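In what follows, every chain begins at residue 1, and chains take the letters A, B, ... in the order their sequences are listed. Everything numeric here is computed off the predicted structure, so don't read it as measured data.
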Amino acid sequence: MASNEKLLEVKDLKQHFRVGRKGVVKAVDGISFDIYKGETFGLVGESGCGKSTTGRTIIRLYDATGGQVKFNGEDVHGKKSTQELKKFNRKMQMIFQDPYASLNSRMNVQDIIAEGIDVHGLAKNDKERKERVEELLETVGLNKEHASRFPHEFSGGQRQRIGIARALAVKPEFIIADEPISALDVSIQAQVVNLMKQLQQEHDLTYLFIAHDLSMVKYISDRIGVMYFGNMVELADSDELYENPLHPYTKSLLSAIPLPDPDYERGRTRVEYDPSVHNQDEESEFREIKPGHWVRCTPTEFQKYKRELESKS
Amino acid sequence: MDKLLDVKDLKVSFNTFSGEVQAVRGVSFDVNKGETLAIVGESGSGKSVTTKALMQLLPKPQGFIKDGQILLEGEDIVQKSEKEMQKLRGQDISMIFQDPMTSLNPTMKVGTQIMEPLIKHQKMSRAKAKERAIELLELVGIPDASTRITQYPHQFSGGMRQRVVIAIALACDPKLLIADEPTTALDVTIQAQILELMKDIQRKTESSIIFITHDLGVVANVADRVAVMYAGKIVEIGTADEIFYNPKHPYTWGLLGSMPTLDNDGYDLIAIPGSPPDMTDPPKGDAFAPRNEYALKIDEELEPPLFKVSDTHYAATWLLHEDAPKIEPPESVKRRMQGIANTGTAPGVAKDGEK
Ligand SMILES: Nc1ncnc2c1ncn2[C@@H]1O[C@H](COP(=O)(O)OP(=O)(O)OP(=O)(O)O)[C@@H](O)[C@H]1O
Ligand SMILES: Nc1ncnc2c1ncn2[C@@H]1O[C@H](COP(=O)(O)OP(=O)(O)OP(=O)(O)O)[C@@H](O)[C@H]1O
Ligand SMILES: [Mg+2]
Ligand SMILES: [Mg+2]
C-alpha cells in the first residue's frame, strides 16, 4: 500500500538533447513530482512528450541537463563514485517496452536473469545462483525448465515475464516500467498487469508506470501525471483525474480513449486541445488547485479551475 | 442488404520444416456493402492470414489456400490468375498495412506514391492523377496538400504518414478496404482522428471495411459486426451490440474481461491463462478447451459447431447446447452486459463535450 513517505523526489528535472549543430530538443523541461513508497505512479501523454526520457533520466541512462533526483532522501544524480552508483543501480530497475528487442538473443534465460546477480555479487556460488534464478522464474509464473532456453522460444507475454524476473533479481525497491504491456495483446496484457500488482504487494515495490493505454493506467495507478511537450500539465489521484480533469489537454486526452462499449462510442464527443487558449502574457506554473490535485496554469486559470471544482462538488 | 463479400469455409496453410501450419481452419463470413466488420482475436489466431488470403498476398510458395471460396460480388476470386488479381487489388480491394513506415517508400515523393496506382490501374494522365492526389490528401485532412505532395515520407509525422497510407488505399475508390491494425502504432488523439476520418469516407463512398485490431475500444467505435477468431476459426460472430452486451463464448468473455473498465477497482482483470495451441497439430476437440475454465467433457472429443443465438449472432461453444449445464459468465462480464460497468459515462469530460 502507498504510504506518505517519499521514495523518489524529482525537482525541476531537465533533459535537453542537442540535435544537429544548433538545434536543441527540450524533451523534458523542468518537471517536478514525488513518488511515495509502495505506490504506482502512472505517467501518460502523447507520443514524443518525454515520458521515456523522464524514466531514462531518473535511472541515469542519461545525465540530466538540470534539476535534482532524490532517492530515499539522497541526491542520486550528484553521486560520482562507481561504488555508490552501483548500490543505487541495484535499488532501481527498469522494464522496457519491447520484449523482443530488450533481451539479448544469444544468452539463455538463466544468464539473462542472473546478469544483475553477477554484477552485484548476490550469489555465493553457482548452486545459489541457479536456485535464485529458478525461484525468480517461479515468481513470474514460468518454470525452471525454461532456464536453459533462449528468448526466441518464448511468446511476447513470456518474454515480458523474463524481463520482470531480470529486474526483480537484484531485489530492487523501485521499478520503472516503460510501456511494459503495449507490445502485448489484450489477454496477455492482463496477465502481466496482474503479475505486477501481485509482486508489488509481496515485495513492497514502488512503480513508475509509463503508458499509452489510459484505461490500463487508471487500473494500475494510485496517482497519474499527464505530460505535454516536456512539461507536466496535471497530476492527481487517478480517480480524481478521471472524474475532474481540469487542464484542457487532459480533457482532450480522456475524451479520445476508445472504450469497449458501443453505446458510449456512438455518443462520443471528442474535445480537441488548442494550446492557444492559454494567455501567453501570464506566467504558467504548476499549482495545487486542491490538496493533491496539481495543474499547470496561469493565475487567472488557477481561479477558474478552483471555481470549476467547487461548482462540481 | 447487398452482400459484397462472401467467404465460405476458407482454409489456409503454410508448409514449414516442422510440418503444415494450419493457420486458418474453415472460416466463413460475409460483408455487406457499406458495412464495417471487425476481426478480433489474440496474436496468431489467423486474422492477418485470413485477409492476406482475400488479397491473395500469401507468401509463396509456402502459403496456400487449401480449400474454400471467396466470392466478391458473387464471383469466386480464388480461381483468378495473378494478372487478374493485380487488377482487382488496384481497383476493388485495397489494404492498409500495420506499419506506415514500411508501406511507404522512403526514397519516393509522397505525391508520386499516390499517383502511381492511379496511372497504372485507372489509366489516368499524369496531370489528372496529380490533381486527384491533392484531392485525396485534402480528403484525409492534410493541409497545404499541393506542397505536401512534393515532400518525402520522413518530412511527415507518424500520424500524417498513416493518413498518406490511407489516401493511397483509397485512391481507386475500392469497394472493400482491409485495414490491419491501422491505428495500433498511434497515440489516442491521432487514433481518434483517423477513425473519424475512415468513418467519414465510408459514409461518402459506401465502401465496406474489414478492420483488424485487438483493441476492443476501437472495435466498439468502428464495427457494425464483430468476428472473434481463435486458433484459425471464428468462434463467435454477431453485431457489435451482441458481442459486447450478450457474449456467449468463454473466449469472448475472456477478451472482454481482460479489458479494464474505468470503475473496476476491486474487480481483478481476468487474464486468459496459458497459451494458444500449436497450429501444426491442432487439438481434436475444442481448441480453446485447455484454457477454458468452463470446458465440458465433450470439448476434449468433439469440436463444437456454430450454434445460432439470433439471426445475426452465432457462437461455437457446447455451452449453447440444450443439454449443457447453465453457466453464468464471470462477474465483470455480467456487469458489462447489464450495463452497470461504468464504461458509459466516464470520464468526467464526456459530459463537458455534450452540446
Ligand atoms: N537521444 C535522443 N536524442 C535526441 N532527441 C531525443 C533523444 N531521445 C528522445 N528524443 C526526443 O525527445 C522527445 C521525447 O522523446 P521520448 O522518447 O521521451 O517520448 P515518449 O513520451 O516516451 O514518446 P513515446 O510514447 O512515443 O514512447 C522526442 O521529441 C524525441 O524525438
Ligand atoms: N509465412 C508463414 N509461415 C508459417 N506460418 C505462418 C506464416 N505466416 C503466419 N503464420 C502462422 O499463421 C498463424 C496465424 O498468423 P496471423 O499472422 O494471421 O496472426 P494474427 O491473428 O494476425 O496475429 P497478430 O495479432 O499477432 O497480428 C500463426 O500461427 C502464424 O505463426
Ligand atoms: Mg517512450
Ligand atoms: Mg496480424
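- For Val219(B), no part sits under 4.5 Å from any heavy atom of chain A, backbone or side chain.
- Contact between Thr189(B) and Arg270(A) at its shortest, heavy atoms only, is O-NH1, 4.1 Å.
- Comparing Gly44(B), Pro273(B), Ser43(B), Ala220(B) by heavy-atom pairs within less than 4.5 Å of chain A, the highest count is held by Ala220(B).
- Side-chain contact between Pro258(A) and Val188(B) is present, with heavy atoms from C-beta onward closer than 4.5 Å.
- Looking at heavy atoms from C-beta onward, Tyr245(B) lies in side-chain contact with Asp261(A) at the 4.5 angstrom threshold.
- Counting non-hydrogen atoms of neighbouring residues, nucleotides and ligands closer than 6.0 angstrom, the CZ atom of Phe156(B) exceeds 12 such neighbours.
- Side-chain atoms of Gln191(A) come within 3.5 Å of backbone N or O of Ile272(B) as a donor-acceptor pair.
- Here the options are Asn221(B), Val222(B), Leu195(B), the test is side chain to side chain contact (heavy atoms under 4.5 Å, CB included), and the partner is Glu265(A); only Asn221(B) passes.
- Atom NZ of Lys197(A) is surrounded by more than 12 heavy atoms from other residues, nucleotides or ligands within 6.0 Å.
- Side-chain contact check for Arg266(A) versus Asp241(B): some heavy-atom pair is nearer than 4.5 Å.
- Of the atoms belonging to Glu196(B), it is side-chain heavy atoms, and not backbone ones, that fall under 4.5 Å from chain A.
- Chain B forms more heavy-atom pairs under 4.5 Å with one residue of Val192(A), Ile220(A), Asn194(A) than with any other, namely Asn194(A).
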